[in-house]
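Notes follow once the structure below has been shown.
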Amino acid sequence: MATIDMTDGNYQEIIANNKLVVVDSWAEWCAPCRKSTPVFVEMSDKMASDDFIFAKLDTQHNQEAAAAFKILSLPTFLVFKDGNLSNRWTGADIGRLRKELTALTK
């Protein structure tokens, strides 16, 4: 699997040490998250590289990171470029997820 687990203990390091990081903020009880997770994982398997990191943040068990990112609804996707938040969106719209991730490679 090309995704890494983002936690309270490593989220700052992951963002600081990678050029491009896409984060899927989710929770086990979130039905829409279960819809979007397979697509996120599929795309990470195809697109992840040394410069392009895909991370999954379990907000239920990593509340410090969720609070730092101001996660108010799930799923929330975050894109960090060179350590800075450059894009965020919420919802399990699979078409948008594919479009946003594909646009990052251009």
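The basis for the numbers below is simple: all heavy atoms, side chains too, and nothing from hydrogens, waters or symmetry mates.
- There is no side-chain donor-acceptor pair under 3.5 Å between K70 and T76.
- Using a 4.5 Å cut-off on side-chain heavy atoms (C-beta onward), L74 and T90 make no contact.
- Taken from OG1 in T3 to NZ in K56, the straight-line distance is 6.5 Å, to the nearest 0.5 Å.
- In terms of modelled atom types and a separation under 3.5 Å, the side chain of N62 and the main chain of D8 share a donor-acceptor contact.
- A donor-acceptor pair is defined here as one N or O able to donate and one able to accept, closer than 3.5 Å; no such pair exists between the side chain of N18 and the backbone of I53.
- A distance of 5.5 Å separates NZ in K35 from CD1 in I94, rounded to the nearest 0.5 Å.
- For S86 (side chain) and V79 (main-chain N/O), a donor-acceptor pair under 3.5 Å exists by modelled atom type.
- By the rule that hydrophobic residues join a cluster once side-chain heavy atoms approach within less than 4.5 Å of another member, V41 and W26 end up as members of separate clusters.
- Between E42 and R98 the shortest side-chain heavy-atom distance falls below 4.5 Å.
- You'll find the side chain of P75 reaches within 4.5 Å of the side chain of C30, heavy atoms only.
- Residues D58 and A27 approach most closely at OD1-CA, 4.2 Å, considering heavy atoms.
- The closest side-chain heavy-atom distance from V23 to M6 is below 4.5 Å.
- Under a hydrophobic clustering in which Ile, Leu, Val, Met, Phe, Trp and Tyr are joined whenever their side-chain heavy atoms come within less than 4.5 Å, directly or via other members, W29 and L57 fall into the same cluster.
- A donor-acceptor pair is defined here as one N or O able to donate and one able to accept, closer than 3.5 Å; such a pair exists between the side chain of N10 and the backbone of D5.
- Nearest heavy atoms, S25 versus C33: O-SG, 4.4 Å.
- The CD atom of Q12 lies 10.5 Å from the OG1 atom of T7; values are rounded to the nearest 0.5 Å.
- A continuous path of Ile, Leu, Val, Met, Phe, Trp and Tyr side chains, each step under 4.5 Å between heavy atoms, connects L20 with M43, placing both in one hydrophobic cluster.
- Between E100 and R88 there is no salt bridge, since no side-chain N of the basic residue sits under 4.0 Å from a carboxylate O of the acidic one.
- Residues L104 and V39 share a single hydrophobic cluster, defined by chaining ILVMFWY side chains whose heavy atoms lie under 4.5 Å apart.
- For residues 81-106, the pairs satisfying ring pair (Phe, Tyr, Trp, His ring centres under 6.0 Å) are F77-W89, with sequence neighbours left out.
- At least one side-chain heavy atom of L101 sits less than 4.5 Å from a side-chain heavy atom of V22.
- Using modelled atom types, one side-chain atom of T105 and one backbone atom of T102 make a donor-acceptor pair closer than 3.5 Å.
- Of the residues I71, V21, N87, the one that meets the side chain to side chain contact (heavy atoms under 4.5 Å, CB included) test with L78 is I71.
- Under the ring pair (Phe, Tyr, Trp, His ring centres under 6.0 Å) criterion, the residue pairs touching residues 49-72 are Y11-F69, F40-F54, F52-F54, F69-F80, with sequence neighbours excluded.
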